[in-house]
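Position 1 is the first residue of the sequence; numbering continues from there.
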Amino acid sequence: MISIQFDEQTQTFHLSNQQVSYLFSIEEGQVLSHLYYGKKITHYHGNFRYPRLDRSFSPNLPGAIDRSYSLDTVLQEYPGFGGGDFRTPAHEIRQSDGTIVTNFTFKEYRVIEGKPSLTGLPATYVNATTDAQTLLVTLEDRFRGLELELSYTIFDDSPVIARNTRLVNKGKEKVVIEKLASLAIDFPATAFDLIHLNGTWAKERMVTREPLNTGIKVLDSKRGSSSHQQNPFVALASPTTTEETGEVYGFCLVYSGNHETMIEKDPYDQTRVTMGINSFDFRWVLEPEDSFQSPEVILNYSDQGLNELSHSYHELFNHRLVRGQHQQKERPVLINNWEATYFDFDEDKLLAIVDEAQKIGIELFVLDDGWFGKRESDNSSLGDWFENAGKIKMGLANLSKEVHARGLEFGIWFEPEMISEDSDLYRAHPDWALQIPGRGKSLGRSQYVLDFSRADVRGHIYQQMKAFFDEVPVDYVKWDMNRNMTEVYSKNRSAEEQGSTAHRYMLGLYEFMEQLTSEYPAILFESCSGGGGRFDAGMLHYMPQTWTSDNTDAVARLKIQYGTSLVYPISTMGSHVSAIPNHQTSRKTSLAMRGNVAMSGVFGYELDLSTLSEEDKAEMKEQVAFYKAHRSLLQYGTFTRLLSPFEGNETAWIFVSDDKKEAMVFYYRVLVEASRPLESLKLRGLDAEKVYQMNEQLFGGDELMNLGFYIDPTLSGDYASQMFYLKEVAE
Ligand code: DGJ
């Protein structure tokens, strides 16, 4: 039961459902003060108020004689700067007098059924207005004629609160937005651990956990994408929180560009978080009557550890973020030719792979990079999205036909946002690449980034892609992005407006993807940025899958997939079996190990099937049949982490069906040890009352969760893995 109440007497807003409450009040000076977010409070009596206390060097409101109330210390909902609060502000709005000082006070509120969409930006949504309620609170700065609209959505079946902010200029003069966080929140004195996902290429989303100390911690991306380096997600956990127990707050930004999370612990141990578009080098000129919309942050809460936090993110993303025909549909098992051939392919090579794929039971063939322009290496042709006629002699339309004739779907790779110097497009439009007139342009992978903030540039690429799709039957598209932005400047924009280019690029990209995915709803899109360099909730709104990492090594993938699963559902994680020695790490792991890791995601293969032994192919055939038989459990079952690769030699996780009648457990051990202790594993998420059959043996659900079971003591060798299928039986 969702409820949004405003109590006139205590001047308190209370958003609640069966799981959580979110409380804030209007305090002196009409300032919004944060009170609480956490486990549901049935009835708030209004007595948990921020105590009044005169703190030295903490200024008071203009004109106030009372020294016990200061913006410097009170817990706030959306703080500014310059009126006595010296902590990190949620916004910085440069005005005609050169200052960023504002005084936003409560003006009005309204509650609406459902959840409004965010113009031009990806966001969570509801299918029926009864699924959520949204509180819109308007604050005003009367002096400057500015209004802030703070939006809070609470869903009927989830502990999350979705927040965003809109600034409306109702004044007579333009202002320049230098920061407009999607959200700010102040927590009372609490000890927190900060958890975040960082990394680099081939090593994305490593889980980092550190005690939060006094001072400011900034986690951001200035790369023009959400980045391999810092995912737009953070969590604040109680120091004793584990995967299974304890309190934790999650913050996930639904945005794919430059982002910034500032976490400040003040001298009184209060913690402030602001999250949104990166304020570094951001400037948005807001003319009178104009408004600016921030992206959305999905705030999440669990009092049962990190797994529970992940469950609610997964549930929300599967049902209320991902859209279209493929949402909640079983995803095909694919074979991608990238690691099989790189640029060196022709139709014979490709069809030899497809022939083998057909025998193995694979459902989708993906032709990766190298089919267009005159591309034979990564030095040319980006921007020339017409086929490289010399390469596939029969033509891509016929290749697609041949693939379809073999019973597989046909998929293709694009990198629409890029341009090679050696391309027809660059020769015709050198000015379409992001660049600063007169300065050198930095290359990355020998390519430049197209200025997607420009409608004419986007329009040209769109037409090329459309012409291609009209010619070649395509069932799947891998949308890649292989470098970050430098020399960010847009030709037709004034100097004052250049600080908006990176965000306008994202708006342009979102518009492009919205149009393309609506025009071709049957195509399954998978986003990619050199692997998982843009694995974020923004992209998932348009493309239901993401290529998790270019690192296909099974051992490396344990950490990558474990970290990714903190926020993103398994149905979104592309995961492939590749050749040994592995191309990124040179490690050799068994086909069983590679299969068991890749099956814990959206499964596929990425190696030359035509050169494999009959034995390997027979094993793959079994893997594919097994995955297909259990695909809905593996893509959409409740995924729970059991043993962390960040903490030891073993990793384990479990998938449980919604009705808890079946489950799949994966166990992995990286290095073997002689005379080792006997490992046992306790499961989670089963029905304690049910009886399950596992490997011909019967176990009660509570037995498996409380006693667990022994891992086969004869399991030998490095990079070992085991998989266990559990099914309910009548005893
Ligand atoms: C980077 C991707 O992550 C790879 O899978 C592959 O598509 C290459 N780009 C192709 O250039």
Side-chain angles (χ1 to χ4, degrees), residues 34 37-38 87-88 90 159-165 179 181-187 190-200 204-223 225-239 241-243 246-266 269-280 294-302 305-314 316-317 532 534-538 540 562-568 641 646:
H34 183 74
Y37 173 42
R87 294 168 288 178
T88 304
V160 313
I161 305 279
R163 285 187 56 181
N164 70 76
T165 305
K179 173 174 181 174
S182 301
L183 142 164
I185 188 167
D186 280 350
F187 293 94
T190 319
F192 280 127
D193 274 0
L194 174 64
I195 299 171
H196 54 106
L197 301 173
N198 51 30
T200 185
E204 298 91 336
R205 290 170 298 286
M206 298 291 105
V207 179
T208 300
R209 182 169 182 158
E210 56 194 272
L212 185 70
N213 293 317
T214 306
I216 300 174
K217 176 100 182 174
V218 181
L219 299 169
D220 80 344
S221 165
K222 303 181 187 74
R223 296 173 169 267
S225 75
S226 51
S227 87
H228 300 85
Q229 283 72 10
Q230 193 70 57
N231 197 261
F233 164 80
V234 302
L236 289 176
S238 153
T241 291
T242 65
E243 285 282 13
E247 288 197 296
V248 54
Y249 294 95
F251 302 77
C252 176
L253 183 67
V254 187
Y255 190 60
S256 316
N258 294 333
H259 58 87
E260 175 185 71
T261 306
M262 299 181 93
I263 308 109
E264 178 169 2
K265 185 169 177 176
D266 76 10
D269 289 344
Q270 304 178 142
T271 300
R272 171 170 295 174
V273 179
T274 70
M275 185 182 226
I277 294 175
N278 202 334
S279 62
F280 177 82
S294 86
E296 167 169 289
V297 167
I298 302 167
L299 192 56
N300 196 353
Y301 169 78
S302 157
L306 289 158
N307 266 318
E308 197 54 35
L309 190 84
S310 305
H311 292 161
S312 34
Y313 273 127
H314 294 182
L316 187 83
F317 289 4
R534 210 162 50 181
F535 203 137
D536 59 65
L540 290 177
Y562 193 98
T564 305
S565 79
L566 221 54
V567 198
Y568 307 101
R641 297 173 296 270
F646 293 96

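- Rounded to the nearest 0.5 angstrom, Q230 CD and K222 NZ are separated by 10.5 Å.
- A donor-acceptor pair is defined here as one N or O able to donate and one able to accept, closer than 3.5 Å; no such pair exists between the side chain of E308 and the backbone of S302.
- N307 places a side-chain N or O within 3.5 Å of a backbone atom of R641 that can act as its donor or acceptor partner.
- When all heavy atoms are compared, the tightest approach of A184 to R163 is O-NH1, 2.8 Å.
- Looking at E204 and T564, their side chains never come closer than 4.5 Å, going by heavy atoms from C-beta outward.
- Interatomic distance, T214 OG1 to D269 CG, rounded to the nearest 0.5 Å: 5.5 Å.
- Closest heavy-atom contact between M275 and F251: CE-O, 3.4 Å.
- Considering only heavy atoms from C-beta on, N258 stays 4.5 Å or farther from D220 through its side chain.
- To the nearest 0.5 Å, atom NZ of residue K217 and atom CD1 of residue I263 are 7.5 Å apart.
- Across T274 and A181, no two heavy atoms sit closer than the pair CB-CB, 4.1 Å.
- A 4.5 Å side-chain heavy-atom check between T190 and E247 finds every atom pair outside the cut-off.
- Using cut-offs of 30° and 60° on the angle between ring planes, the pair F317 and Y568 is tilted.
- Using a distance-only test at 3.5 Å, with no hydrogens or angles considered, no donor-acceptor pair links the side chain of R205 to the main chain of S565.
- Between the OG atom of S221 and the CD atom of E260 there is a distance of 11.0 Å, given to the nearest 0.5 Å.
- Nearest heavy-atom pair, G250 versus L309, reported as atom, atom and distance to 0.1 Å: N-CD1, 3.8 Å.
- Separating the CG atom in L219 from the NE2 atom in H196 is a distance of 5.0 Å, to the nearest 0.5 Å.
- Two residues are said to be in side-chain contact when any heavy atoms from C-beta on lie closer than 4.5 Å; V297 and V254 fail this criterion.
- Put simply, the side chain of H259 gets close to the backbone of S226: a donor and an acceptor are under 3.5 Å apart.
- Side-chain atoms of S294 come within 3.5 Å of backbone atoms of T165 as a donor-acceptor pair (strictly under, hydrogens ignored).
- Of the possible polar contacts, one joining the N231 side chain to the F535 backbone as a donor-acceptor pair under 3.5 Å is found.
- At distances below 3.5 Å, at least one donor-acceptor pair connects side-chain atoms of S182 with backbone N or O atoms of P295.
- Rounded to the nearest 0.5 angstrom, T261 OG1 and F233 CZ are separated by 10.0 Å.
- Side-chain contact check for I195 versus L306: some heavy-atom pair is nearer than 4.5 Å.
- When side chains are defined from C-beta on, D186 does not count as touching Q270, because their heavy atoms never get closer than 4.5 Å.
- Looking only at distances, a side-chain donor or acceptor of R272 sits under 3.5 Å from a matching main-chain atom of T88.
- Heavy-atom minimum distance, H34 versus I185: CE1-CD1, 3.6 Å.
- Between F192 and Y249, the ring planes are perpendicular. Angles over 60° get that label, and only those under 30° would be called parallel.
- For K265 (side chain) and L212 (main-chain N/O), a donor-acceptor pair under 3.5 Å exists by modelled atom type.
- In this structure, R209 and A237 approach most closely via the heavy-atom pair NH2-CB, 4.2 Å.
- In this structure, the side chains of Y313 and C252 come closer than 4.5 Å at one or more pairs of heavy atoms.
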